[in-house]
Amino acid sequence: MTAAIVVQNVCKYFGAFCALDHVHLEIQAGEFFALLGPNGAGKTTLIHTIAGLSVADSGSIHVMGNHVTKQYRQARMRLGIVPQELVFDPFFTVRETLKIQSGYYGISDNGAWIDEIIARLGLADKADTNMRALSGGMKRRVMVAQALVHKPPVIILDEPTAGVDVELRQSLWDFIRELNVAGHTIVLTTHYLEEAEALCNRIAMLKQGKVIALNSMQNFISTMSVGYTLRLRLLPDTLPSMLQEIQTGYRNGYIELKLDNYTQIEPVLAQLRLSDIQILEMQLLQPDLEDVFVSLMNNPLTQTQ
Amino acid sequence: MTGFFTLLYKELLRFWKVGFQTILAPIVSTLLYLLIFLHVLEAHVEVYQGVSYTVFLIPGLVMMAVMQNAFANASSSMIQSKISGNIVFVLLSPLTYRDIFFAYILASVVRGLLVGAGVFLVTALFFNTPMYWPLWIGVFAILGSGLLGALGVIAGIWADKFDQLAAFQNFIIIPLTFLSGVFYSIHSLPPVWQFLSHLNPFFYMIDGFRYGFFGASDFSPYLSLCIVIACFAAISLLAIQMLRSGYKLRH
Ligand SMILES: Nc1ncnc2c1ncn2[C@@H]1O[C@H](COP(=O)(O)OP(=O)(O)OP(=O)(O)O)[C@@H](O)[C@H]1O
Ligand SMILES: [Mg+2]
């Protein structure tokens, strides 16, 4: 099986600033992959080098086995990109835009598929509206449609749900998930971590141009060992001194404790009983992607430089 | 080829949809030039035997309109899609840099010829301009608009802002056009200016174009043709090289 995207040792500089620092990444065909990281981490830059919108200063990139600059036509045929910036051509209607985009890929007779993506993206009643007259979220949908006109095996979405309402977000992800099931490789970036957690099977985290973590979603959350959060509402509202050192916070009347694993729950309860403190409410929070993300981004071990 | 034809179609549609500004307005403004010169300079000497000054002026003005509109088309299309960002849809596609170049040039040629033909047809209602060699007329019109289209591509890629594009137009395109003998025969100029005119490639386009109408010109049309072809080739290679390297388009 060929890998969908292979990024080898890619560096990209803007002047002296290093936007991508020896990035290695291999995404297999059929994966649903998330590229995460804070603003300015280099996600868009990486996507641009894959798409040929910018050129890597060193290293190599292949899409479905095609080198992105030496075999750019083959590589781009296999790639559908939804850019992060909202852009559109004000001269055309939605349908004209999609017809023209199909033509760029050498497809002259694409009416049936265009109708389908228009319907799936909730654009049916806007199909003959000029792009200028669409709302921001509608323009975003057209950009998603444009990336799909040539049914590319590899689809990269750079924050496709920014500025999109809840309803479309749901139907967009349903559609994308269907494409994934049908064999398309999906790569996305998003700042909504629950989206990534719900959809993706693997993630890479970028920070200051470096891949600082790369793992399957389950491994990510379980092995990053950020632990569990135990939230307690107590009467009286204070912890015995023994427990105060593991308290991590106090929010909305809840005392929060950090635990590494379930076996630590029992001693906590025993301490409370000993001190005659009553438990009014108790919650145990599972770690989620957001915890891992925050801990990775703050962890000095993953601080670059 | 579908990709190329689609981009060409898009470029044609782009100006056609706003034909009032892109075709009609330039036709009217060129006719205004003619009207003014007619009024002020009809008493001027004959340039070629039996050719009144107005009739001498018509081909020059037509060619000027052809060239300016070819330049405007490619340059404004390029800079608009660059600044609005929608050029990414072309850059993401498998279109080759040659597809992009030829689509932009051809659309510019079409617009240039439409405006030129419009101007000429209106003048034909009032003046009887001879057309000795239609083939020469066509060849120079196509080469001239192609060359200006290629210059438009270069200017549109190079300029980051509209005022830079305006500077390119005001300091390069307009002086070269006005000093190319649109309004006069260079034989009427002092020797220094004659010499400088010979360094201006636009002069050969206008002179060759005019030869097609009157069968007479300042310079041999064959030599003009060679010079124009050479300039066209050089400018096109530069434009293609800019597109190939991704200069200012792919970071
Ligand atoms: N054309 C450019 N010229 C100079 N610097 C740039 C350019 N493009 C990006 N950068 C810089 O490269 C870094 C990475 O930017 P990039 O857009 O890839 O971040 P990102 O991870 O996509 O962030 P976001 O989540 O905000 O979209 C940033 O510091 C940015 O300022
Ligand atoms: Mg980004």
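Convention: sequence-line order gives letters A, B, ...; per-chain numbering from 1.
When A/Pro83, A/Pro90, A/Gly80, A/Gly52 are compared by the number of non-hydrogen pairs under 4.5 Å with chain B, A/Gly52 comes out ahead. If you tally non-hydrogen atom pairs under 4.5 Å between each of A/Lys99, A/His150, A/Glu96 and chain B, the highest count goes to A/Glu96. Note on A/Val87, A/Thr49, A/Leu86: by heavy-atom pairs under 4.5 Å with chain B, the leading option is A/Val87.
The stretch residues 154-172 of chain B places none of its residues near chain A, where near means some heavy atom under 4.5 Å from a heavy atom of that chain. Interface residues of residues 15-31 of chain B toward chain A, defined by a heavy-atom distance below 4.5 Å and sorted by number: B/Lys17, B/Val18.
Heavy-atom contacts from other residues, nucleotides or ligands closer than 6.0 Å to CG of A/Asp109 number 12 or fewer. More than 12 heavy-atom neighbours from other residues, nucleotides or ligands sit within 6.0 angstrom of OH on B/Tyr97. The 12-atom threshold is exceeded at CG of B/Leu32, counting heavy atoms of other residues, nucleotides or ligands nearer than 6.0 Å.
Contact annotation for A/Gln146: only side-chain heavy atoms (C-beta onward) come within less than 4.5 Å of a heavy atom of chain B. With a 4.5 Å cut-off on non-hydrogen atoms, A/Tyr72 touches chain B through its side chain but not through its backbone. In this structure, chain A has a heavy atom under 4.5 Å from the backbone of B/Leu249, while its side chain stays farther away. For chain B, no part of A/Gln74 is nearby; none of its heavy atoms comes within less than 4.5 Å.
Of all heavy-atom pairs between A/Arg76 and B/Leu95, the closest is NH1-O, 4.3 Å. Between A/Ser108 and B/Thr2, the closest heavy-atom pair is CB-CG2, 3.9 Å. Of all heavy-atom pairs between B/Leu92 and A/Ala51, the closest is CD2-CB, 3.6 Å. For the residue pair A/Gly103 and B/Thr6, the shortest heavy atom distance occurs at CA-OG1, 3.2 Å.
Annotation: the span from B/Leu91 atom CG to A/Leu53 atom CG amounts to 6.0 Å, rounded to 0.5 Å. Summarising the geometry, atom OG1 belonging to A/Thr97 is positioned 8.5 Å from atom CZ belonging to B/Phe89; distances are rounded to the nearest 0.5 Å. Expressed to the nearest 0.5 Å, how far CZ of A/Phe91 lies from OG of B/Ser81 amounts to 9.5 Å.
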| message | As a quick check of understanding, evaluate side-chain contact (heavy atoms from CB on, under 4.5 Å) for B/Val88 and A/Glu85, giving each step before the final call. | response | CA-CA 10 Å; B/Val88 293; A/Glu85 303 286 332; over 6 Å; no
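Between the A/Arg73 side chain and the B/Thr96 main chain, no donor and acceptor come within less than 3.5 Å of each other.
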